[in-house]
Amino acid sequence: MSAPLLNPPQRAAIHYLDGPLLVLAGAGSGKTRVITYKIAHLVREGGIPARHIAAITFTNKAAREMLERVGKLMTSAEIRGITVSTFHSLGMHILRQEAPHLGYKPQFSILDSYDAGKIIADILNTTSKDEIRKVQSQISLWKNDLKTPDDMLLAAQDQWESVCAQTYLAYQDTLTAYQAMDFDDLIRLPVQLFREHPEVLLKWQGKLRYLLIDEYQDTNTCQYQLVKLLTGVRGLFTAVGDDDQSIYAWRGANMENLRLLQQDFPALKVIKLEQNYRSTARILRAANSVISNNPKLFEKQLWSELGLGEPIHVVQCKDEEHEAETVVQRLLAHKFEFRTEFKDYAILYRGNYQARIFEQALRNQRIPYQMAGGQSFFDKPEIKDLLAYMRLIANPDDDPAFIRAITTPKRGVGAGTLEKLGAWSGQYGKSLFAAAHDAGLRVQIQAAQLAPLEQFCDFISQLQYRATREEAGKLALELLQAIGYEAWLYDGEDSPKIAETKWKNLLEMVAWLARKGSDDGKNLIELTQTIALITMLEGRDEGEVDAVRMSTLHASKGLEYPHVFLVGCEEGILPHSESVENGMVEEERRLMYVGITRAQRSLTLSYCVKRRRAGEWQFIEPSRFISEIDGDDLRHFGKPGAEPLVSKTEGKSRLANLTAMLAGKDKSGDPPQN
DNA sequence: AGCCGTGGCTTGGTG
DNA sequence: AGCCACGGCT
C-alpha cells in the first residue's frame, strides 16, 4: 500500500467521471486509495460538493477507515456534508426521514438478530437454536432477494419452505406491530419506498449525486436495487470490487450483480487494478494459479514488483495435534531466525472450531495471541438491559423492549398480569405500553398487581419527557439508579466479581452516552436510534499488541500479514464437504484465494493425514487447491521423500533447545486476550 | 421427572 | 467456544 504514486489504471479510475465505472480491484491493489483519491478528485476537479457524494461500505470498520483516510487528503471544509456510511446506516438515515410513507413512525426500533430470533422462536414455538437459525436465515435470504411473504407462500416448494413462508408472514406482522425493523428491512424498505414514491426517490437522487460502492461483489439483490434506484438514469457511480474475493454467497451476496452492472448500464467502463503492492511474486503466482480454475467474467492477473520470494511451504502433519504443534514450532523457529515480532504472523483457518487446538499449542509455548472478532460491547446482557429501557423510551410500541424492561429487575409485575396485558393489547391492536393505560384492562387486574404496572408506565412516561430535555448520560445513570440495577446485579446469581464487571460496563456505557451525546448534540432518544448499527468491539488497542493473529478465512478478508499459516488445507475442510455436496466449490476456491493473498512475504499451507472424527481415525486427502499450485512454487515438508518437518539446517534437538529458550526468555507470554 | 455435567461435534458472520 | 444429546443423579 506504499506506492508513492498512482499507477496508470488507478489514475484512470480516479479521473473517469463521465459515467458508470466498475473498478476490478485485485487483492492488495490499493482500492481504498482509489476510492479516497477519487472523492478528493470529485470535489476538487469534478465540481461535485462533498454533500452530494456518498461512499457506501459494508462494515463500520471500512467506513471509519475510509473517512479517516479522506480526512487526511482533504480539509474539513472540503469534506463537510459527505456521506461515508454502511448500506445499513444509509438505509436507516433515509427511513428515519421517510418512515411515514411506509406506515412507520420515524422513531421505529431496530432489532438485532438476537431479538429477531426470539420473535421467530415464539412463532415456531421451539427452543432449538439450530432450527431458529435456519428459518431466520431463510427469511433473511428472501428479504435480501426482495421476496415478500406472499410471494413465498405461493412459491413454496416443500413443507419446510412453506413453514418458513408462514413464519415470515407472522414475523413481518409482528415487526410492524412493534414499530420495529430488522437489519434487512433497513435496505429492503428504502427500495420499496423508492419504487412506490418516485417523488421521494427524486429528492434523494438530488441529494446523493455520486455514489462510490466498496466491496461491490458482496452486494445482494436488494442492495444492488438500492444503488440502481439512487443512481438512476444518470448512472454516476464507481463500484469497486473483486469477483475473485466473493465469499459471502451463503449470506445472500449475488455475484450476478457484476454481470447485471454491464447489462443495466451499457455505458459501463471497466478498469482493472492488477498491480499488487502486498505480496511476493511467488505468492501471487500461487493465487493466480488456484483462481484460474474458476470460470471468469473478467480476466485478471495480479503481478508485483516485490521480488520472487520464497516458495510456498506445504507441511504434512500426522493429525490435528501434530499440526498445531508443528505450526507453532515453525512459527517460533521462523521468528527466531528472522527476528520478527509475533504480530507479523497469522494463523488462518476455515472454521472457528479449528482455533481451539491452535490456542492450546500457542498457550503451551507462552505465545501471546489475539483472536479476530469478539463480542460487541452492545451485545452484553447488562447493556441490552439498559438498551431495552432506552428503546422503550424512544419507541413505546417496542413490545420486546417493554417486556425486557418491566421484568428487569423484577418489580412485582408477574407473568399473569403480562398475559392479561398481552391478550388485551392483541385484541385491540395496541402495543403493550399503550394498552397498559386502558381503563377496561385495569378493572381485570387486582390492585396489588396494578400498582407496580402503573408505576412502571409513569416512570417511562417521565423519562420520555425528560429525554428530549436533559443530557443523555446523566439521564441514563439516573435511570439505572432509579431501578436499583446495581443492587440487583449483586443480589443475582452472578459472583460479586462478575456483578462488578457488569456494573463497570454499564458505567462505561453511561460515559459513552455522555460523550457521544455532547459531541454530536444528541439526546437519549436520538442516540438510541443509531446504537443498533454501531459495533463497539472490545480490545480497542487492536493492532498494536504484539500477538499472533488468529482468524477465520472469512474474517481475514481485507487484512494482510507478513507471514501466514493457512491450516487445515484438506478435502472436507477447505473445500468444506458441505460446499462440495452443494456444488459450491468455486466459492471455496475463492476462500483459498483470499487466504493466499493475505500473505505478504511467506505462506505456509498445512494439512493432516488423519483426523479424529466420530471417535474414529479417519484418513484425509490434502486439499485439491494445493495441487492447483505449480509444483515448482511449492516446498514440501514432513512427507516421505520430502524434507523433514524440521529443516535440515536445524536438527530436532537444536529446535527443541531453541523452543525452550524462547519460551523461557520471552516473558511477553501474557495471558492471551479473551 | 427434571437438572446437571460431560463428551462429541462443529462452515462462514456484518449490520 | 458454544450447542446438543446423553446419562447419571436428586
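Only a predicted model underlies this, so the values are computations on that prediction, with no experimental measurement involved.
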Run the side chain to side chain donor-acceptor pair (under 3.5 Å) test against A:Arg590 and tell me which residues pass, sequence neighbours left out. A:Glu587
Could you check how far CD1 of A:Ile573 sits from P of B:dC9, rounded to whole Å? 14 Å
Protein within reach of the bases, or only the backbone? For nucleotides 10-15 of chain B, mark each nucleotide 5' to 3' as B, S or -, using heavy atoms under 4.0 Å. BBBBBB
A:Glu161: which residues meet the salt bridge (charged side-chain N to carboxylate O under 4.0 Å, His left out) condition with it, sequence neighbours left out? none
Test: salt bridge (charged side-chain N to carboxylate O under 4.0 Å, His left out). Region: residues 573-583 of chain A. Which pairs qualify, not counting sequence neighbours? none
Please list, chain by chain and in numerical order, all residues satisfying salt bridge (charged side-chain N to carboxylate O under 4.0 Å, His left out) with A:Glu321, sequence neighbours excluded. none
Mind checking the C1' distance from C:dA5 to B:dG12? Whole angstroms is fine. 24 Å
Please state the P separation for the pair C:dC3 and B:dT14 - nearest whole angstrom. 16 Å
Ring pair (Phe, Tyr, Trp, His ring centres under 6.0 Å) against A:Phe87, all qualifying residues, sequence neighbours excluded: A:Phe58
